[in-house]
Amino acid sequence: MTTPELDQLAMHCQQLRLTRVAATLPSLLEQAAQTEQSYSAFLTTVLHTEVESKREKNQMMRVQMARFPFHETLDGFDWKAQPSIDPKVIKELATMRFVANGANALLLGPPGVGKTHLSVALGIEACRLGLRVTFTTAAALITTLGKALYENRLEERLKILTQPKLLIIDEIGYIPIDRQGANLFFQLISRRYERGSILLTSNQSLGAWGEVFGDAVIASAILDRLLHHATTVNIKGDSYRLREKRKAGLIRHALVNAPADE
Ligand code: ADP
Ligand code: MG
């Protein structure tokens with residue numbers, strides 16, 4: 001191919017915003033010549049290159065917009081270290097069928113057992129599948145809603161929080177929620193009920209939510225909606241963080257209440 005031809009191709013790619021094709025054009029052409037590809041096979045390779053690039057960019061944008069606290073994947077989860085979790089259940093959640101059905105998921109368990117890790121990993125999987133995701137902690141969410149109420153913009157904020165297909169609310173139960181916070185939380189849950197999925201983590205058993213929300217009636221109204229269509233994963237065991245430290249000999253065995261046979 002002559003230089004003017006290549007220049008023109010590069011310009012067309014630029015005009016059509018085919019950025020990856022533009023960047024890989026010489027190697028795509030070389031490969032086609034070497035393997036004597038048919039016209040249709042070559043065109044498929046070219047278009048596939050660009051489709052993949054756009055998909056990756058989209059996923060990256062979704063991950064950024066979701067505001068995850070860190071990046072974790074399901075591949076990075078040590079299932080053997082956490083026998084109380086059935087990997088099948090998490091892998092089913094990872095298909096995002098529950099999101100398609102407007103259902104919810106709850107990950108419950110003591111600190112350090114991987115709740116946030118799994119919720120981030122599932123969130124990233126949702127982004128990969130093209131879904132819009134928002135990650136927040138319960139405390140940040142309630143602060144945001146309280147501020148919106150104060151500024152007379154609650155409706156606007158609730159609408160924004162209803163938009164993502166998956167809303168991840170991490171750490172319910174660490175900080176007690178006051179009456180106004182409980183009320184605002186209930187409004188959000190009602191808004192999303194059967195419209196958008198919630199993935200929620202809590203260090204408290206559901207029976208203790210009356211105390212978390214400072215009101216048994218509102219807690220049961222929240223749970224009623226959350227649990228109507230939901231997968232609940234009860235995680236047991238000792239903290240992975242402490243376990244790692246224990247392995248490294250940094251803390252004594254008894255401190256982390258580990259099974260005697262370990
Ligand atoms: P939780 O949210 O339940 O308190 P985290 O998800 O924050 O716990 O886990 C604490 C740390 O331990 C994180 O760095 C997380 O990646 C890691 N971790 C927990 N469980 C596992 C596991 N089974 N495999 C790999 N890493 C884990
Ligand atoms: Mg956590």
Side-chain angles (χ1 to χ4, degrees), residues 63-64 66-96 98 104-128 133-144 161 164 166-177 181 185 188-189 197-209 211-213 222-223 226-227 230-253 255-259 261-262:
V63 169
Q64 266 167 13
R67 296 174 181 272
F68 295 111
F70 46 72
H71 198 284
E72 287 292 356
T73 60
L74 288 180
D75 287 342
F77 196 76
D78 179 357
W79 302 101
K80 284 201 193 84
Q82 195 41 265
S84 71
I85 301 179
D86 180 355
K88 280 204 288 296
V89 174
I90 304 295
K91 283 172 187 163
E92 169 58 32
L93 290 174
T95 65
M96 296 299 140
F98 81 103
N104 301 317
L106 285 84
L107 308 181
L108 309 175
V113 291
K115 301 182 299 295
T116 304
H117 182 130
L118 287 173
S119 65
V120 169
L122 287 168
I124 286 173
E125 201 48 35
C127 291
R128 202 179 66 75
V133 181
T134 294
F135 184 103
T136 180
T137 61
L141 179 69
I142 285 165
T143 304
T144 305
L161 286 164
L166 178 63
L167 178 65
I168 303 177
I169 308 174
D170 196 21
E171 296 186 350
I172 297 232
Y174 280 104
I175 298 168
I177 299 166
F185 193 83
L188 174 67
I189 301 295
S197 298
I198 293 177
L199 168 56
L200 190 145
T201 81
S202 179
N203 64 323
Q204 301 285 345
S205 66
L206 300 181
W209 278 30
E211 277 161 53
V212 172
F213 286 95
I222 289 169
L223 281 172
L226 273 177
L227 296 176
T231 302
T232 304
V233 181
N234 281 300
I235 314 177
K236 298 183 182 75
D238 50 330
S239 162
Y240 191 84
R241 290 188 199 97
L242 295 186
R243 188 193 150 102
E244 291 297 291
K245 283 196 178 150
R246 192 183 73 222
K247 267 195 199 154
L250 293 175
I251 49 174
R252 274 188 302 118
H253 193 262
L255 200 64
V256 293
N257 193 24
D261 60 350
E262 265 195 67

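When a ligand or atom number is given, it counts from 1 through the structure's own listing order.
Using a 4.0 Å cut-off between heavy atoms, Glu171 makes no contact with ligand 1 at all. Contacts between Tyr240 and ligand 1 below 4.0 angstrom, taking non-hydrogen atoms only, involve the side chain exclusively.
In this structure, the protein non-hydrogen atom closest to atom 24 (N) of ligand 1 is Asp78 N, 2.7 Å. In this structure, the protein non-hydrogen atom closest to atom 4 (O) of ligand 1 is Gly112 N, 2.7 Å. The single protein non-hydrogen atom nearest to atom 11 (C) of ligand 1 is Arg241 CG, 3.8 Å, given as residue, atom name and distance. The protein heavy atom nearest to atom 6 (O) of ligand 1 is His117 N, 2.8 Å.
Proximity to Thr116 (heavy-atom distance under 4.0 Å) selects the following atoms of ligand 1: 1 (P), 2 (O), 6 (O), 7 (O). Of all atoms in ligand 1, numbered sequentially from 1 with element shown, those under 4.0 Å from a heavy atom of Gly114 are 1 (P), 3 (O), 5 (P), 6 (O), 8 (O), 9 (O), 19 (C), 20 (N).
Just one residue in the list Leu226, Leu166, Leu106 forms a side chain to side chain contact (heavy atoms under 4.5 Å, CB included) with Ile198, and that residue is Leu226.
For Val113, a nitrogen or oxygen atom sits less than 3.5 Å from a nitrogen or oxygen atom of ligand 1, counting backbone and side chain alike. The shortest N or O to N or O distance between Tyr174 and ligand 1 is not under 3.5 Å.
For the pair Lys91 and Trp79, the cation sits on the ring face: its NZ or CZ lies under 6.0 Å from the ring centre, inside 45° of the axis.
In this pair, Phe77 and His117 present their aromatic rings perpendicular. The plane angle is above 60°, beyond the 30 to 60° band.
Heavy atoms of Gly76 come nearer than 4.0 angstrom to ligand 1 in at least one pair. Taking a 4.0 Å cut-off on heavy atoms, Gly109 fails to register as neighbouring ligand 1.
In this structure, Lys236 contributes its side chain and Gly109 its backbone to no donor-acceptor pair below 3.5 Å. Judged purely by atom type and a 3.5 angstrom limit, Ser197 has no side-chain atom pairing as donor or acceptor with the backbone of Asn104. Using a distance-only test at 3.5 Å, with no hydrogens or angles considered, a donor-acceptor pair links the side chain of Thr201 to the main chain of Glu171.
Less than 4.0 angstrom separates atom 14 (O) of ligand 1 from none of the non-hydrogen atoms of the protein.
The Mg ion (ligand 2) does not have Asn203 among its coordinating residues (no N/O/S atom, backbone or side chain, under 2.8 Å).
Val120 has its side chain out of reach of His71: every pair of non-hydrogen atoms, C-beta onward, lies at least 4.5 Å apart.
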